S.K.: 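I'd like to ask you about the structure that follows.
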There are 2 protein chains.
Amino acid sequence: MKIEDELKSTVEYSKSKQIVLNIMYTVNVITERFNDIIKPYDISSEQFNVLRILRGQKGCPANMCIIQERMLAKTSNTTRLVDKLLLKDLVTRNVCPDNRRKIEVLITAKGLDLLAELDPKVQEHEEFFAKNLNNEELEQLNTLLEKYRTK
Amino acid sequence: MKIEDELKSTVEYSKSKQIVLNIMYTVNVITERFNDIIKPYDISSEQFNVLRILRGQKGCPANMCIIQERMLAKTSNTTRLVDKLLLKDLVTRNVCPDNRRKIEVLITAKGLDLLAELDPKVQEHEEFFAKNLNNEELEQLNTLLEKYRTK
DNA sequence: GTGTTACATTTGTATCAACAAATAAACATT
DNA sequence: AATGTTTATTTGTTGATACAAATGTAACAC
């Protein structure tokens, strides 16, 4: 469905405006569905994102800087995100012995269990939309997005 | 730049995960730049969005339902968004005489002036990214996004 | 070793978003 | 005309976000 119709617009947008609104709108569609998935598990999508980053570290502790640069939304407050995860025993947080300015954050077994439980649901979510495109189209979309955001 | 590199990932993602992260990341890149533009004007991007919807009404008042269904983020609180615009004299709000459950929201001359001032900057913003793609690629990207989010 | 700068993270504050519950008017039914 | 139902909007509350300023630590110059 055209973006003008999704947003019930009476006027047609320029190509470049269409793209911006189209991407923004698509994110909201994706996010809405994703939030439904993780809602029963009592974590936010950004908290989930941090957990996934920590798992990606494969046992190697991550400091705040590393988490920040791997997060989707760079403006999020990493400290308070980790605070929340700490309260739920999904991560541990310790001052780095080599450099006391740094913080070592690690995912716990409980955190890993939660991710393992979510994995199939998250995969299903990703494939729910991806199944609308064939393999070549998926490649194209990825490539176009990469090219689009070049600064 | 590949999404894995943007997010400094050590592992490669599945195609479907790439798309989700790619779209999410691209929105953040777009939004970050857009917020820089509107920041000096002391309105949020959602407030700007509501103003644009109201201008699109071409003098015809919009009620809350109409605004809501045309907004990008359907979960936003329209009442309080309009509150903020009202405080800045960018819109007017009146009870609809025909149906007192409804509210008639109109953009003011001041609101229209603000939009007129922002128009070239917003257009420049949209074209900043769009210029990375040729006309055919822009079409393709729009089409792929539409197809992708089919439910 | 003292002072300066850079780095890593936290905290304060004000604003904004999410979701459920509440209100209030219009419409339908008997 | 009283009753229940639907529609349109608002409000309460809790939690998240954004940005600036503050804190504490390390590194380096001299």
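What you see is a predicted model, and the numbers here were worked out from it, not measured in a lab. Protein chains get the first letters and strands the later ones, always in sequence-line order, with residue 1 at the start of each.
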S.K.: If I take atom NZ in residue B:K39 and atom C1' in nucleotide D:dA18, what distance separates them, rounded to the nearest angstrom?
M.R.: 8 Å
S.K.: Honestly, is B:K131 close enough over B:F129, meaning NZ or CZ under 6.0 Å from the six-membered ring centre and within 45° of the axis?
M.R.: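 Relative to the ring axis of B:F129, which defines the angle, B:K131 lies outside at least one limit.
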S.K.: List the residues meeting salt bridge (charged side-chain N to carboxylate O under 4.0 Å, His left out) with A:R101, not counting sequence neighbours, and say none if there are none.
M.R.: none
S.K.: Any pair with a residue in residues 55-65 of chain B that passes side-chain hydrogen bond (donor to acceptor under 3.5 Å, both in side chains), sequence neighbours left out, goes on the list, sorted by first then second residue, please.
M.R.: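 Residue pairs passing side-chain hydrogen bond (donor to acceptor under 3.5 Å, both in side chains), neighbours aside: B:R55-B:D119, B:Q57-B:R70.
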S.K.: What pairs of residues pass the ring pair (Phe, Tyr, Trp, His ring centres under 6.0 Å) test when at least one of them lies in residues 4-23 of chain B, not counting sequence neighbours?
M.R.: none
S.K.: Suppose we screen for salt bridge (charged side-chain N to carboxylate O under 4.0 Å, His left out). Which residues come up paired with A:K15, at least two apart in sequence or across chains?
M.R.: B:E139
S.K.: Please assess A:K88 against A:Q47 for the test side-chain hydrogen bond (donor to acceptor under 3.5 Å, both in side chains), listing each intermediate value before the final yes or no.
M.R.: CA-CA 11 Å; A:K88 296 171 205 158; A:Q47 286 172 32; 2.5 Å; yes
S.K.: Does any pair with a residue in residues 26-43 of chain B pass side-chain hydrogen bond (donor to acceptor under 3.5 Å, both in side chains), and if so which ones, sequence neighbours excluded?
M.R.: A:R149-B:T26
S.K.: Of the options D:dT7, D:dT10, C:dT11, whose atoms approach the side-chain atoms of B:R101 most closely?
M.R.: D:dT7
S.K.: What residues form a side-chain hydrogen bond (donor to acceptor under 3.5 Å, both in side chains) with B:N142, not counting sequence neighbours?
M.R.: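 Checked B:N142 against side-chain hydrogen bond (donor to acceptor under 3.5 Å, both in side chains); matches are A:Q18, A:N22.
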S.K.: Please state how far atom NZ in A:K102 lies from atom P in C:dC7, giving the value in whole angstrom units.
M.R.: 11 Å
S.K.: In chain order, what residues pass the side-chain hydrogen bond (donor to acceptor under 3.5 Å, both in side chains) check against B:D89, with sequence neighbours excluded?
M.R.: none
S.K.: Just verifying a value: how many Å separate B:K151 NZ and A:N132 CG, rounded to the nearest 0.5 Å?
M.R.: 11.5 Å
S.K.: With the threshold set at under 4.0 Å for non-hydrogen atoms, list the residues of residues 93-100 of chain B touching DNA chain D in residue-number order.
M.R.: B:R93
S.K.: Would you mind reading off the distance between A:L86 atom CG and C:dT9 atom P, rounded to a whole angstrom?
M.R.: 15 Å
S.K.: Which comes earlier along DNA chain D counting from the 5' end, the contact point of A:A73 or that of B:I103, where each point is its nearest nucleotide?
M.R.: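 Between the two, 5'-proximity favours B:I103.
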S.K.: Whole-Å distance between D:dT14 P and A:L87 CG?
M.R.: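 Value for this atom pair: 17 Å.
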S.K.: Please report the distance, rounded to the nearest Å, between CD in A:E104 and P in C:dA8.
M.R.: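 These atoms are roughly 14 Å apart.
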S.K.: If I take atom CG from residue A:L118 and atom CD1 from residue A:I37, how far apart are they, to the nearest 0.5 angstrom?
M.R.: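 Output value for this atom pair is 8.5 Å.
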S.K.: Please work out which residues in residues 24-38 of chain A have a non-hydrogen atom less than 4.0 Å from an atom of DNA chain C and list them by number.
M.R.: none
S.K.: Could you list, one pair per line, each protein nitrogen or oxygen that sits under 3.5 Å from a nitrogen or oxygen of nucleotides 13-17 of chain C, together with the distance?
M.R.:
from	atom 1	to	atom 2	distance (Å)
C:dC16	OP2	B:K84	NZ	2.8

S.K.: Above 12 or not: heavy atoms from other molecules or residues under 6.0 Å from CD of A:E69?
M.R.: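 Yes, CD of A:E69 has more than 12 neighbouring heavy atoms, counting only those of other groups under 6.0 Å.
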S.K.: Mind checking what makes side chain to side chain contact (heavy atoms under 4.5 Å, CB included) contact with A:N134, not counting sequence neighbours?
M.R.: A:E136, A:E137
S.K.: Among residues 48-72 of chain B, which contact DNA chain D at a heavy-atom distance under 4.0 Å?
M.R.: B:N63, B:M64, B:C65
